[in-house]
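Below, each value reflects all heavy atoms present in this structure, side chains not excepted, and no hydrogens, waters or symmetry copies. Chain letters run A, B, ... following the sequence lines, proteins first and then strands; every chain starts at 1.
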There are 2 protein chains.
Amino acid sequence: MERGSAYHHGNLRETLIEEGIALLAERADGDISLRQLARRVGVTANATYRHFANKNALLAALAAEGFRRLQEGQGEAVRGADPGQGLREAGLAYLRFAWRHPALFRLMFGPTLNRQGDEELTRVAAASFRALRSAVAAAHGLDEEAAGVEGATLRTWGLVHGLSHLMLDGQFGWRAESPLAVAEQALTDAVDGPL
Amino acid sequence: MERGSAYHHGNLRETLIEEGIALLAERADGDISLRQLARRVGVTANATYRHFANKNALLAALAAEGFRRLQEGQGEAVRGADPGQGLREAGLAYLRFAWRHPALFRLMFGPTLNRQGDEELTRVAAASFRALRSAVAAAHGLDEEAAGVEGATLRTWGLVHGLSHLMLDGQFGWRAESPLAVAEQALTDAVDGPL
DNA sequence: AAGGCAAAGTTCACAGTGTCAACATTGGGT
DNA sequence: ACCCAATGTTGACACTGTGAACTTTGCCTT
């Protein structure tokens, strides 16, 4: 939190990421402008170019931070659950993350970002998939490399991810309950029944 | 295709939708500019304002046309399949639509569009859901209003929708096969096995 | 301690965007 | 034949992402 001189900000890069996520949380539509973020931080738009190659790189950093937080949330959920319920809890954590950070979630996936060539981003995303796969394997009592685990992981991921998107896009809105509740119910039913 | 005078275009509204979808197909990232579209059609940017309240309304019209085409494609797929395979074919049609029209697909769902208050758009989207529900009911040999059909529809929709998004976002790209093939396989497995 | 250099911010500039207000050109109905 | 409403155009404005040139400052070397 240390501030440098009036001229030199001190730790602009981290501040931009922090405030960028905050700004993303306010604008529901999810597109933020570089200049707006710079103004909020109290710095010129071009100052950001000392820390990120361009807007896309900045957004990629936000997304990477998002993946880290998502994985952290899932980790907590799994640890706090009795074994056998881990997969369900991880899925619910995924849904709740999307619900609480809709714009960030859409940035992490979604086409705004050009993921091509961003090494860190692909790394955290891959780690996220491996974590899910191990949860799926554990839920079925299988080895992580066993046949069928990969496919089951894909189906689970697809379901959770799809429910997240439909929820955020307001496709559950016309129903009585809260969209989050609808998605949670659908996920629970799927996990309890055979997937 | 009739052209009016040099000054009056003739049927600008339909042309904008047509060329808008074409333009969307070219720009993979999926955001098109009003002025670019107007230039392509051979008309001033402000001319579009005679037919659409603003850019959002234009995009909504594109999305609505997209929903119509999606539903048409699903209808064909279901009719051309033997009964019992209808649901799977409908889902595969959904996947292939997303694969062939990624930008349009993301526009139809996704936050670029402000769906609030666009009556036509919510209507076609609701029709799409009803069609899916009847396919789910038929696949399980149940009445459309039977208990559990709604939930099963949600799960199916979620899975297909999620696979579509993950596929488009390149999350299956690191695998050997084509992303479309990966998604189709996952869907087929889910439908064959109990969902 | 003095000096200088590279890192980190700033200002200026430019092309492109969505949209508003005012003006121009038409074709169809009285 | 006329006129008016529908349909286009021009000009303008605020805003965006980004490049080039300039300024300030903290740290490292002597």
Between A/Arg130 and A/Glu144, is there a side-chain N and carboxylate O pair less than 4.0 Å apart? no
So, A/Arg79 and A/Glu76, do they make that salt bridge, N to O below 4.0 Å? no
Name the pairs: protein N/O against N/O of nucleotides 14-16 of chain C, kept only if under 3.5 Å.
none

Side chains of B/Phe129 and B/Thr153: does their closest heavy-atom pair fall under 4.5 Å? yes
What is the separation between atom OH on B/Tyr49 and atom P on C/dA22, rounded to the nearest whole Å? 17 Å
Whole angstrom value for the distance that separates C1' of D/dG19 from CG of A/Leu34: 13 Å
Tell me which nucleotide among C/dT19, D/dT18, D/dT9 gets nearest to the side chain of B/Thr44. D/dT9
Do you see a donor-acceptor pair shorter than 3.5 Å between the side chains of A/Arg88 and A/Gln85? yes
Tell me the interatomic distance from A/Asp31, atom CG, to C/dT17, atom C1', rounded to whole angstroms. 13 Å
Between C1' of D/dG8 and CG of B/Leu16, the distance in whole Å: 12 Å
Can you find a pair of side-chain heavy atoms, one from A/Leu37 and one from A/Leu58, that are under 4.5 Å apart? yes
Are the charged groups of A/Asp169 and A/Arg106 less than 4.0 angstrom apart, N to O? yes
Atom-pair distance (CG on A/Leu37; C1' on C/dG9), nearest Å: 15 Å
Between A/Ser33 (side chain only) and A/Gln36 (backbone N and O only), is there a donor and an acceptor less than 3.5 Å apart? yes
Write down the distance between NZ (A/Lys55) and P (D/dC15), rounded to a whole number of angstrom. 16 Å
So which protein N/O to nucleotides 20-23 of chain D N/O distances come out below 3.5 Å?
unit_1: D/dA20; atom_1: N6; unit_2: A/Asn46; atom_2: ND2; d: 3.4
unit_1: D/dT23; atom_1: O2; unit_2: A/Tyr7; atom_2: OH; d: 3.0

Whole-Å distance, A/Arg27 CZ to D/dC15 P, equals 13 Å
Distance check: side-chain N/O of A/His51 vs OP1/OP2 of C/dA7, anything under 4.0 Å? no
What residues form a ring pair (Phe, Tyr, Trp, His ring centres under 6.0 Å) with A/Phe109, not counting sequence neighbours? A/Phe67, A/Phe105, A/His161
Tell me the interatomic distance from B/Phe52, atom CZ, to D/dT7, atom P, rounded to whole angstroms. 12 Å
Can a salt bridge be assigned to the pair A/Glu65 and A/Arg69 using a cut-off of 4.0 Å between side-chain N and carboxylate O? yes
